[in-house]
Amino acid sequence: MMDYRKYTRQYFMPPEECFDWAKKDHIEKAPQWCSVDLRDGNQALVIPMSLDQKLEFYNMLIKMGFKEIEIGFPAASETEYELCRTLIERNMIPDDVTIQVLTQAREHIIRKTFEAIKGAPHAIVHVYNSTSYAQRQQVFRKSKEGIKDLAVFGAQMLKDLAAETDQDIRFEYSPESFTGTEPEYALEVCNAVLDVWQPTADKKAIINLPVTVELAEPHVFAQQVEYMHKHLKYRENVVISIHPHNDRGCGVADTELGILAGADRVEGTLFGNGERTGNVDLVTVGMNMYAQGVDPGLDFSNMTEIQETYEECTGMNISERQPYAGQLVFAAFSGSHQDAIAKGMKWREEKDPDHWTVPYLPIDPTDVGRHYDADVIRINSQSGKGGVGFILETKFGLNLPKKMKEAMGYACKEVSDRKHEELTPEEIFDIFKNNFEGLTSPYSISEVHFEQKDGITAHVTTSANDGEAVTVTATGNGRLDAVSNAIKEAYHLDYFLETYTEHALEKSSSSRAIAYVGLKWPDGKMTWGAGLDPDIIRASIDALVTAVNNK
């Protein structure tokens, strides 16, 4: 039996109300992005990436537009040190890209870190120590003053060692486990660090506020960030960064509210890889901005390539329901959803609006390299006429009459239900051909001749059940009507030709035409047929015969 009473709140509210973030209705511009895939993400893998895999991943991050990339903790292991030296010695760091390295606030580790970045054109040295109540009490067993002294010591070492080089080195400090730290104490420690660094407009410092463990609802984190934003010293020369994890499943919400609360920068990983439940997913955060008309400053236009590289390098799998990237995130199986999407796409075609507002599709799937026919309308036993009609129109150029779409929808539903499988566009097309095209039993027509007197007269050679052919003559107000009357007379049939439509299937001088015929019988049943032929009259007759045979 689960006992909820063993738990209590482990977070601390700011000493004052901080609700300015709640008055904002949207994020106005993208933050600075820092990928921590090669450090935070890599250390969380069952099998960490090899050097070649890290280099491939790094090149993908550059291609996507990341300008700050945390490449590792070079003093922690030889493999991370090797990556740092490889990037520098092979001149793989573009002029507009800054590598970031992580270090604890300990002298020998900081010195090893500066050895690792020697020669880097631009670097951020990120120093941290834990400030939370739980870690002070249980892990370090130090007073608040002792923890602050450790942070100041690390900050001073960074400043002293950077002064010995001519490199462009920026400083970042994290009060690790910020969300479990009293906000006023976190502020005291961060301000003490800033007093050491004395940041300026051309040498800004980064104060990173990590959600090392997600302990509270997103609105609590937003208040904590806003409190720091309002009270940090040198604020105009400080970049507030946030580094959310996802223990409560709220990493994206923490990030978005954190930006509203004053954060200038976000550290995270692609698709949220990281320890425990992961880091914040930068793809989701960036695409959320994109979906509201804000330029994320990152290129997600080839999502499939990003996904494949990620999976190949990390050995991780992206869920089919992963926002924006999963194989099924744009898929609509529900008949009502499919119908709304199809109508929305038709409306866009007719109206050419300035903005995207298609029902059930928050963004245009083609923006991330996906396809309507393969990714959006997916057909199974739950699907309806709208989706089936959309597939046939966009994939095969068939614009079925409305009521014929219903018949086709039921035909597909029956097959999918029987097979317990999704239907591919090709299978849908086969169902259309098998059910509504070229049926020659029990009735068939082998020859038709027309003459025009008072109306149209048709001489129709027909047979039933492959029996002896007979020729029947009948008149009508048009060629198809005359042929229809001949069939009725030959076999004593009673139906009403309720629907007839046609359209060109291909745009060329020798284009084929397709005709659709719907017949209504005395018992109220509708039957359908389609015919395809360069001659529209032949196509119409074939459609009529199939519709008759479908009775």
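Values below: every heavy atom of this structure, side chains too, minus hydrogens, waters and symmetry copies.
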Would you confirm whether [X], through its side chain, and [Y], through its main-chain N or O, come within 3.5 Å as a donor-acceptor pair?
{"X": "D299", "Y": "M64", "value": "no"}
{"X": "W197", "Y": "I206", "value": "no"}
{"X": "D40", "Y": "V36", "value": "no"}
{"X": "T366", "Y": "R370", "value": "no"}
{"X": "Q327", "Y": "I318", "value": "no"}
{"X": "S416", "Y": "C412", "value": "no"}
{"X": "E226", "Y": "F19", "value": "yes"}
{"X": "E176", "Y": "N129", "value": "no"}
{"X": "Q100", "Y": "V125", "value": "no"}
{"X": "N246", "Y": "C250", "value": "yes"}

Is the closest side-chain donor-acceptor distance between [X] and [Y] under 3.5 Å?
{"X": "N208", "Y": "Y128", "value": "no"}
{"X": "H243", "Y": "N279", "value": "yes"}
{"X": "D37", "Y": "S35", "value": "yes"}
{"X": "D168", "Y": "H122", "value": "yes"}
{"X": "Y234", "Y": "N191", "value": "no"}
{"X": "E256", "Y": "N288", "value": "yes"}
{"X": "E80", "Y": "N42", "value": "no"}

Looking only at heavy atoms, what is the nearest atom pair of [X] and [Y], with distance?
{"X": "L38", "Y": "Y58", "answer": "CD1-CB, 4.0 Å"}
{"X": "N399", "Y": "E393", "answer": "OD1-OE1, 4.1 Å"}
{"X": "K233", "Y": "V238", "answer": "O-CG2, 3.6 Å"}
{"X": "F330", "Y": "Y324", "answer": "CE1-O, 3.8 Å"}
{"X": "I428", "Y": "V388", "answer": "CG2-CG1, 4.1 Å"}
{"X": "F221", "Y": "I242", "answer": "CZ-CG2, 3.7 Å"}

Nearest-0.5 Å distance, [atom1] of residue [X] to [atom2] of residue [Y]:
{"X": "E214", "Y": "T212", "atom1": "CD", "atom2": "OG1", "value": "11.5 Å"}
{"X": "F57", "Y": "T309", "atom1": "CZ", "atom2": "OG1", "value": "8.5 Å"}
{"X": "K204", "Y": "D264", "atom1": "NZ", "atom2": "CG", "value": "7.5 Å"}
{"X": "F300", "Y": "Q307", "atom1": "CZ", "atom2": "CD", "value": "13.5 Å"}
{"X": "T284", "Y": "M289", "atom1": "OG1", "atom2": "CE", "value": "11.5 Å"}
{"X": "F66", "Y": "L298", "atom1": "CZ", "atom2": "CG", "value": "4.5 Å"}

Is it true that, when you exclude [X] itself, more than 12 heavy atoms of the residues, nucleotides or ligands shown sit nearer than 6.0 Å to its [atom1]?
{"X": "K63", "atom1": "NZ", "value": "no"}
{"X": "Q292", "atom1": "CD", "value": "no"}
{"X": "D96", "atom1": "CG", "value": "yes"}
{"X": "K159", "atom1": "NZ", "value": "yes"}
{"X": "K24", "atom1": "NZ", "value": "yes"}
{"X": "F432", "atom1": "CZ", "value": "yes"}
{"X": "Q167", "atom1": "CD", "value": "yes"}
{"X": "E17", "atom1": "CD", "value": "no"}

Answer yes when [X] and [Y] have at least one side-chain N-carboxylate O distance shorter than 4.0 Å, and no when they do not.
{"X": "K343", "Y": "D339", "answer": "yes"}
{"X": "K230", "Y": "D20", "answer": "yes"}
{"X": "E267", "Y": "R265", "answer": "yes"}
{"X": "K419", "Y": "E427", "answer": "yes"}
{"X": "E68", "Y": "R170", "answer": "yes"}

Practice prompt. Please state whether the rings of Y360 and H337 are parallel, tilted or perpendicular, taking 30° and 60° as the class boundaries.
Written response: parallel

Discussion item. Is there a side chain to side chain contact (heavy atoms under 4.5 Å, CB included) between V266 and V285? Walk through the geometry before answering.
Written reply: CA-CA 10 Å; V266 174; V285 178; 5.7 Å; no

Worksheet item: Is there side-chain contact between L102 and E172, with at least one heavy-atom pair below 4.5 Å?
Response: no

Discussion item. Test side chain to side chain donor-acceptor pair (under 3.5 Å) on E16 and H231; report intermediate values, then the result.
Written reply: CA-CA 11 Å; E16 63 189 48; H231 297 289; 2.8 Å; yes

